[in-house]
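This report refers to the structure that appears directly beneath it.
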Amino acid sequence: MAKTPVRYEPKTAEPRQQARWAAADAFRMPTEGTGRPKYYVLEMFPYPSGAIHMGHARNYVMGDVVARSKRAQGFDVLHPMGWDAFGLPAENAAIERGVHPGDWTWSNIAAMRDQLKLLGLSLDWSREFATCDPAYYGKQQAWFLELLKRGLVYRKDSVVNWDPVDNTVLANEQVVDGRGWRSGAVVEKRKLNQWFLRITDYADDLIEGLKELEGRWPDKVRLMQENWIGRSKGLQMTWKWSGEAPAAAPDGLEIYTTRPDTLFGASFMGVAPDHPVARAIAQTNPDAAAFVAECRKGGSTQAEIEQAEKIGFDTGLKVIHPFDGREVSVWIANFILSEYGTGAIFGCPAHDQRDLDFARKYRLPVVPVVRPDGADEGFDVETEAYVGPGHLFNSDFLNGLEIEAAKAEAIRRIEAAGAGQGATIYRLRDWGVSRQRYWGCPIPVIHCAKCGPVGVPVDQLPVELPRDVTFDTPGNPLDRHPTWKHVSCPTCGGEAVRETDTLDTFVDSSWYFARFTDPAAAEPISRAAADKWLPVDQYIGGVEHAVLHLLYARFISRALSDAGLMSVREPFAGLFTQGMVIHETYRRADGGWVEPTDVELTNDAGKRSARQLSTGEALTIGDIEKMSKSKKNVVAPQEIVDTYGVDAGRLFVLSDSPPERDVQWTPGGVEGAARFVQRVWTEVDGFDPDAPAHESDAALVRETHKAIKAVSEGVSGFRFNSAIAKLYAFVAVVRDHGGAGGAARRQALSALVRLVAPFTPHLAEECWTRLGEEGMVLDAPWPEFDPALAADDEVILPIQVNGKRRGEIRVARGLEPAEVEAIVMADPDVQARLEGQTVRKIVVVKDRIVNLVVG
RNA sequence: GCGAGCGUGGCGAAACUGGUAGACGCAAGGGACUUAAAAUCCCUCGACUUCGGUCAUGCGGGUUCGACCCCCGCCGCUCGCACCA
């Protein structure tokens, strides 16, 4: 009699296995390791917004698959989790609801930790920390002071977005159409003295480092960083004034160019409206002042910049061309950026589109100096600047040279004349880290009228945030706190005040991966622990951090290495950027969004419709979008756990799309995953050691090893969807094979359980126990692939005629092409098909294909 | 504008280095079991077809014995940067 199948119950099994792991403290990794090779898996730690969503879940499940499979493959796996806990939302909650930012944050952390634990992740919770804990940010202050000592931290005036109503600095993203996002006030540009980190010192190193990451980081991310740093090589040079020099630039006008080869094509000079020369003129010349004001008015949105007309103002000043001595007039122009290069350019309209637009408008000369090879003497430029390759003409000693050679020669001549030098410049700016905010890491500096800014002595760290603050008035609560900022100067003992700015939260996330290696260390980073575990072998997170976070972390790692705090300069050896979880949206006739739990979907022969359960109203099925509260298309992990079990949810978020792509959450999809969970259990549960084996067990052994190979490759190559597809197919093979017992079946089931374990760990543990295995599948070795056992004795060779598949033959594996050819030509079906035609050529690819060329 | 990526069934997708296009899942249709339902299982499922085949991986060419894959030219979508001299 067949045994009645027992249903697998995730509701009881999942908590049971989680309790087992917890009781065994199974995921704690000693800092010194256990002697196996190390593997550090890390997912970008979350901001404690209050709830874990499916996007988080997918991210952490991917990391968990890597962590669990690496553990099975014999590694000491470090897999920690923490909280990126400083930031603006906590202050907004304080303003809106009157709660303390700290209380809000810590209660969110508690809630999210519980939600995260439902997912059954193999995390070492003993290493958990939040960046808002003084135990963490105090260490950050310590290394900040070290960088200050080393000159990597400095202060300078910089222009910021200032909200005059809220009395605060706004990030660029917080300025909407020129107004503060919260107050609605017109944002002012204001100069503030701010703290900066010298990331530009590392610009070259950060670019060079990208090369070594080839293959382990997405090309897209490496390219984005390279573009962001924006290195360009060119010439920085000074043009002497013709006549009296303006006081703002007594030595001449300094410009930067990447096209020194086109110097003979210069027809005007341009300076930014903020350039010292422009500002000086605006002070005495009302027309110039009006023009500069006009330029400032221009919007900063993309569309506005794109459409903005190029406008200029002739200053009347003239400079002398370094090569041919002619006078060139100096203009103030709105399209020149004061922050890039020297804020001044030479205009060569023939070979730069912007310069050409400008020259045409103001009727300035357009002299082409480069022409494409093959163009005749009369080569000219009309409305489109020529930026392609070619050779120089109209250029005296540069005539006939190719562009690169001409650049080199022009630079050589300018250098020889002492008028300038070849220079490499960067788009990247130093990192402004000052924030006029409460909920951030205090900058550990004291300002003394006599001694200037003085670092807080290390033995006085951490500089803790005061708890008694109010948010009833705009501005930084630290600034108006009655006592906190008033201290004595550590150097002279005189009256002094604390710095009340806090650090950009990107600083907090720039070194947390190093702190995780020994989160209790007295020093910011334990050298021994960091040297053992870093770099992070596999880092996983959203592509939205491709530039800022990942660039800052690479910079800080280098800076801390140079300061002797750690050794590894490149923190993330491998990076994977995962796609989002998206979901359909549902809308009522009145435009209101409806959440999926309140929607009933019907499918009538392919025609889908939706209605709202609570009202019965018909709904419009809208776009499939990123899950968001505003569109109400969110699915909470808790619901999934309750309905289908964690394992089904874990499986589904990885099964339906490649991990780098977005995955659409569908109820049908999770149900499919839940069915698979049942099928695995049914096969394992149905195993009977006393039952007879199936007679053709060699076939099952082959399929087992093919599955081991495919799943192993899928897991290591981040093709989780393919790995899961192979697992589905393998379970079908096991099921259809027949025979409830036997060694081959036992091996197949044992391999299956270990292969599914990274994806559905709870199910795997239940199965492992059911199979009578010792201990936990968690500690079981990854199944080993044996190519000899996976190989078929025979292969099916498709037979193509002129490249089209026309039939197939079954032959012994490894047969030489000549033998295959003989068999094919003797085959009656082939003969019948070839009747009356001449075979011109036979292509045989061993064990793969046969192609007959007939004509 | 510059840079990158992607276009394959009704849908999500597979196809390793140029070698049987559509694995696996969803949806759909049919059937078995059942008093019935759920659950489960089985079959069909790119298009056309005179049932021999023919056509199919965005479009048009090319290279090759053979192309989703490589090359050239278009079209469409997505992302990043954007007046960066």
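In this text the structure is predicted, and so the values were computed from the model without any measurement. So that the names make sense, note that chain A is the first sequence line, chain B the second, and so on, each numbered from 1.
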Legend entry - Polar contact flag, side-chain donor to acceptor under 3.5 angstrom, S329(A)-Y362(A): no
Inset, instruction - Give one of base, sugar-phosphate or nothing for S655(A), where a contact means two heavy atoms less than 4.0 Å apart. - result: nothing
Legend entry - Gap in Å between the two P atoms, one belonging to G19(B) and one to G73(B), rounded: 25 Å
Inset, instruction - Answer with base, sugar-phosphate or nothing: what part of the nucleic acid does V845(A) contact at a heavy-atom distance below 4.0 Å? - result: base
Legend entry - N334(A) side chain, from C-beta outward: closest of C26(B), G19(B), C83(B): C83(B)
Legend entry - Whole-angstrom distance between C83(B) and A14(B), as gauged at atom C1': 45 Å
Legend entry - Rounded distance in Å between the P positions of C16(B) and G7(B): 13 Å
Inset, instruction - Would you indicate, yes or no, if G18(B) has its OP1 or OP2 atom less than 4.0 angstrom from a side-chain nitrogen or oxygen of R848(A)? - result: no
Inset, instruction - Remember a base hit wins even if backbone is also touched, and classify G230(A) as base, sugar-phosphate or nothing at under 4.0 Å, heavy atoms. - result: nothing
Legend entry - Options G19(B), A39(B), A14(B), nucleotide nearest the side-chain atoms of P658(A): A14(B)
Legend entry - Spacing between N802(A) atom CG and U54(B) atom C1', to the nearest angstrom: 16 Å
Inset, instruction - Give a yes/no on whether any side-chain N or O of Y728(A) is located under 4.0 angstrom from OP1 or OP2 of G25(B). - result: no
Inset, instruction - For A4(B) versus U8(B), give the span between their P atoms, rounded off to a whole number of Å. - result: 22 Å
Inset, instruction - Measure from the ring center of H321(A) to the ring center of F264(A) and say whether it is less than 6.0 Å. - result: yes
Inset, instruction - Using whole Å, report how far CD of Q800(A) lies from P of G18(B). - result: 16 Å
Inset, instruction - Kindly say whether, by distance alone, the side chain of K310(A) makes a donor-acceptor pair under 3.5 Å with the base of C83(B)? - result: yes
Legend entry - Test of ring centre spacing under 6.0 Å for F313(A) and W331(A): no
Legend entry - Between C26(B) (P) and H583(A) (NE2): distance, integer Å: 17 Å
Inset, instruction - Write down the distance between CZ (F720(A)) and P (A23(B)), rounded to a whole number of angstrom. - result: 23 Å
Inset, instruction - State, with a plain yes or no, whether a side-chain heavy atom of H583(A) is found less than 4.5 Å away from one of P596(A). - result: yes
Legend entry - Heavy-atom side-chain proximity of E254(A) to Q236(A) below 4.5 angstrom: yes
Legend entry - Side-chain touch V756(A)/F676(A), heavy atoms, less than 4.5 angstrom: yes
Legend entry - Residue pair D685(A) / Y8(A), side-chain donor-acceptor N/O under 3.5 Å: no
Legend entry - Integer angstrom distance from the C1' of C26(B) to that of G76(B): 27 Å
Legend entry - Distance, rounded to the nearest Å, where R719(A) contributes CZ and C16(B) contributes P: 9 Å
Inset, instruction - Check every atom of C41(B), C83(B), U20(B) against the side chain of R679(A) and return the nucleotide holding the closest atom. - result: C41(B)
Legend entry - Protein-nucleotide distance (R675(A), atom CZ; U40(B), atom C1'), rounded to Å: 10 Å
Legend entry - Closest-nucleotide 5' rank along RNA chain B - winner of D352(A) and V543(A): V543(A)
Legend entry - Distance in angstrom units between E671(A) CD and A28(B) P, rounded: 11 Å
Inset, instruction - Output yes when at least one side-chain N/O atom of R427(A) is less than 4.0 Å from OP1 or OP2 of A82(B), else no. - result: yes
Legend entry - Who pairs with C2(B) - Watson-Crick or G-U, where each distance is under 3.5 Å: G80(B)
Inset, instruction - Find the distance L651(A):CG to C26(B):P and express it as a whole number of Å. - result: 11 Å
Legend entry - D792(A)/R702(A) salt bridge by N-O under 4.0 Å criterion: yes
Legend entry - Syn or anti conformation of G52(B), syn meaning chi within 90° of 0: syn
Inset, instruction - Give L337(A) one of three labels, base, sugar-phosphate or nothing, depending on what nucleic acid heavy atoms sit under 4.0 Å from its own. - result: base
Inset, instruction - Identify whether any heavy atom of R806(A) sits under 4.0 Å from a base atom; if not, whether one sits that close to sugar-phosphate; answer base, sugar-phosphate or nothing. - result: sugar-phosphate
Inset, instruction - Could you tell me which nucleotide pairs with C48(B) by Watson-Crick or G-U wobble geometry, both distances under 3.5 Å, or answer none if nothing does? - result: G53(B)
Inset, instruction - Pick the C1' atom in A15(B) and in C77(B), then give their distance to the nearest Å. - result: 23 Å
Inset, instruction - Taking only the side-chain nitrogens and oxygens of R805(A), find out if one of them lies under 4.0 Å from OP1 or OP2 of C55(B). - result: no
Inset, instruction - Determine if the base of G9(B) is syn or anti; take syn to mean the glycosidic torsion is within 90° of 0. - result: syn
Inset, instruction - Give none if G60(B) has no partner; otherwise give the nucleotide forming a Watson-Crick or G-U wobble pair with it, both distances under 3.5 Å. - result: C72(B)
Inset, instruction - Using Watson-Crick or G-U wobble geometry with both distances below 3.5 Å, tell me the partner of A15(B), or none. - result: none
Legend entry - For U8(B), the Watson-Crick or wobble counterpart (both distances under 3.5 Å): none
Inset, instruction - Could you check V330(A), T342(A), I345(A) and say which one makes a side-chain contact (heavy atoms from CB on, under 4.5 Å) with L253(A)? - result: V330(A)
Legend entry - R661(A) side chain near A13(B) phosphate (N/O to OP1/OP2, under 4.0 Å): yes
Inset, instruction - With heavy atoms under 4.0 Å as the rule, sort N721(A) into base, sugar-phosphate or nothing. - result: sugar-phosphate
Inset, instruction - Would you mind classifying the nucleic acid contact of R840(A) as base, sugar-phosphate or nothing, using non-hydrogen atoms under 4.0 angstrom? - result: nothing
Inset, instruction - Pick base, sugar-phosphate or nothing for R231(A), based on heavy-atom distances below 4.0 Å to the nucleic acid. - result: nothing
Inset, instruction - Taking atom C1' in both G1(B) and G46(B), compute the distance separating them and give it to the nearest angstrom. - result: 40 Å
Legend entry - 5' priority, RNA chain B, between V843(A) and P798(A) [closest heavy atom]: P798(A)
Inset, instruction - Answer with base, sugar-phosphate or nothing: what part of the nucleic acid does G668(A) contact at a heavy-atom distance below 4.0 Å? - result: sugar-phosphate
Inset, instruction - Tell me the partner of A85(B), counting only Watson-Crick (N1-N3 plus N6-O4 or O6-N4) or G-U wobble (N1-O2 and O6-N3) with both under 3.5 Å; none if nothing fits. - result: none
Legend entry - Spacing of the P atoms in A67(B) and U78(B) (rounded, Å): 32 Å
Inset, instruction - Could you tell me which nucleotide pairs with C41(B) by Watson-Crick or G-U wobble geometry, both distances under 3.5 Å, or answer none if nothing does? - result: G31(B)
Legend entry - Closest to the I849(A) side chain, choosing from U20(B), A27(B), C84(B): U20(B)
Inset, instruction - Tell me what T257(A) touches on the nucleic acid: a base, only sugar-phosphate, or nothing, going by heavy atoms under 4.0 Å. - result: sugar-phosphate
Legend entry - Any side-chain heavy-atom pair of W681(A) and V677(A) under 4.5 Å: no
Inset, instruction - Describe the nucleic acid contact of I336(A) in one word from base, sugar-phosphate, nothing, applying a heavy-atom distance below 4.0 Å. - result: base
Legend entry - Nearest-neighbour nucleotide for the L223(A) side chain, A85(B), A4(B), C83(B) considered: A4(B)
Inset, instruction - Could you tell me whether Q664(A) contacts a base, only the sugar-phosphate backbone, or nothing, with contacts defined as non-hydrogen atoms closer than 4.0 Å? - result: nothing
